[in-house]
**Q** 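Got a structure for you, questions after.
In what follows, chains are A, B, ... by sequence order, proteins preceding strands, each numbered from 1.
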There are 2 protein chains.
Amino acid sequence: MGAHAAMTRSFNADLQASSAITVTDFEALRRLASAEGGRMRRVDLATAVGLTASGMTRLLDGLERAALVCKEHCSSDARVTYAAITDTGRALLHTAAESHLEALAAIFSERFSPAEVDQLVTLLGRLPGAEEDASSCPGAAAEG
Amino acid sequence: MGAHAAMTRSFNADLQASSAITVTDFEALRRLASAEGGRMRRVDLATAVGLTASGMTRLLDGLERAALVCKEHCSSDARVTYAAITDTGRALLHTAAESHLEALAAIFSERFSPAEVDQLVTLLGRLPGAEEDASSCPGAAAEG
DNA sequence: GAGCAGACGTTGACTGGTCAAGTATTGAGC
DNA sequence: GCTCAATACTTGACCAGTCAACGTCTGCTC
């Protein structure tokens with residue numbers, strides 16, 4: 001409890017200050033940016049970042065209002081709406097990533113050797129819900 | 001994000017079903033139960049479980065309403081109020097602990113060898129905010 | 001082609017938590 | 001013994017997310 005909450009709070013404050021987004025916003029943008037065509041079905045994005053569909057609706061509301069993301073419709077299935085990252089979104093993600101990944105790296109490299117980081121990544125990767133989180137973790141095995 | 005959220009959700013559902021409390025409630029009760037005299041200053045309890053003071057007020061509101069906890073006043077300092085676990089609270093904690101720790105053990109023993117659990121405990125124990133979390137983790141090094 | 005189960009997305013009501021501001025109390029310095 | 005900064009706690013306004021219910025659309029089956 002304590003550790004996770006504390007870290008999330010600190011990362012949030014960090015991102016908030018540098019880019020006015022939350023950790024979850026960051027995750028969503030990151031996912032979109034690396035998705036094919038810079039877009040994903042809202043439902044897929046939701047499960048990817050670990051939110052419910054309605055949670056994703058709220059989150060994207062905010063990102064849309066900030067013009068970081070926009071809606072696109074699917075021609076073959078009228079039920080689905082894509083969330084697509086905009087150029088503004090990509091730019092902000094880039095900025096945010098610098099400070100966020102730096103903070104992340106700081107926390108970890110201060111406390112763990114590269115080998116230990118690897119160990120954590122493999123071990124935690126076995127947790128339910130982590131599935132392909134590890135593969136998308138920037139600098140998982142890298143980072144000297 | 002995903003993994004933590006998913007696990008917390010599942011543990012919450014579990015506890016909710018068995019005892020109508022959340023993971024955070026459980027943490028607070030556990031802390032109180034093992035504190036000297038079954039009580040702690042609200043402020044200390046808050047930092048112990050990783051909440052703000054106001055968060056703790058809200059949380060204890062609920063536990064008090066359910067009679068799992070009660071207020072006690074400090075004779076030497078009128079500012080402080082203790083949160084004290086009641087007999088009802090201890091009983092419920094006992095029940096909840098069975099199912100919760102079982103679920104916890106299941107998740108971990110399915111995925112990690114005892115040695116790996118130890119490794120995780122030591123590594124994660126270095127995270128900020130984890131400080132003495134590990135020491136209070138039931139069955140950290142035990143559990144075959 | 002009508003009916004129906006199932007998927008996608010949104011909405012309203014709620015929860016668990018935050019932050020900022022306020023009250024009451026304490027203790028140290030003068 | 002007054003003043004003032006600091007501490008303990010509560011409260012109101014808010015935020016991020018959940019769940020349950022709903023509308024819409026799709027695709028299968030008959």
**Q** What's the closest nucleotide to the Leu59(B) side chain, out of dT10(D), dA8(D), dG17(C)?
**A**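 Nucleotide nearest to Leu59(B)'s side chain: dG17(C).
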**Q** Would you indicate, yes or no, if dG17(D) has its OP1 or OP2 atom less than 4.0 angstrom from a side-chain nitrogen or oxygen of Arg9(B)?
**A**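 Arg9(B) to dG17(D) OP1/OP2: no side-chain N or O under 4.0 Å.
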**Q** Can you tell me if the side-chain N/O atoms of Thr52(A) get under 4.0 Å from OP1 or OP2 in dG17(D)?
**A**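 For dG17(D), OP1/OP2 do not have a side-chain N/O of Thr52(A) under 4.0 Å.
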**Q** Across the strands shown, which category fits Thr81(A) at heavy-atom distances under 4.0 angstrom: base, sugar-phosphate, nothing?
**A**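 Answer is sugar-phosphate: Thr81(A) comes under 4.0 Å of backbone atoms only.
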**Q** For Arg58(A), answer base if it contacts any base atom (sugar-phosphate contacts may also be present), sugar-phosphate if it contacts only those atoms, and nothing otherwise; contact means non-hydrogen atoms under 4.0 Å.
**A**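 Arg58(A): base contact, heavy atoms under 4.0 Å.
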**Q** Is the phosphate of dG17(C), meaning OP1 or OP2, less than 4.0 Å from a side-chain N or O of Thr24(B)?
**A**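 For dG17(C), OP1/OP2 do have a side-chain N/O of Thr24(B) under 4.0 Å.
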**Q** Strictly under 3.5 Å: I want the nitrogen or oxygen pairs between protein and nucleotides 23-28 of chain D, one per line.
**A**
from: dT26(D); atom 1: OP1; to: Ala78(A); atom 2: N; distance (Å): 3.1

**Q** Using the side-chain heavy atoms of Leu51(B), tell me which of these nucleotides is nearest: dT18(C), dG16(C), dT10(C).
**A**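 That would be dT18(C).
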**Q** Can you name the nearest heavy-atom pair linking Val80(B) to Cys74(B), along with the distance?
**A**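 The pair with the smallest heavy-atom distance is CG2-CB, 3.4 Å.
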**Q** Taking the six-membered ring for Trp, are Phe26(B) and His100(B) closer than 6.0 Å centroid to centroid?
**A**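 Yes, close enough.
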**Q** So which heavy atom on Leu123(B) is nearest to which on Gln119(A), and how close?
**A**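 Heavy atoms of Leu123(B) and Gln119(A) come nearest at CD1-OE1, 3.7 Å.
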**Q** Are Lys71(B) and dA8(D) close enough that a side-chain N or O sits under 4.0 Å from OP1 or OP2?
**A**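 So the side-chain polar atoms of Lys71(B) never come under 4.0 Å of the phosphate oxygens OP1 or OP2 of dA8(D).
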**Q** Phosphate oxygens OP1/OP2 of dT18(D): is one of them under 4.0 Å from a side-chain N or O of Ser54(A)?
**A**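 Negative; the distance criterion is not met.
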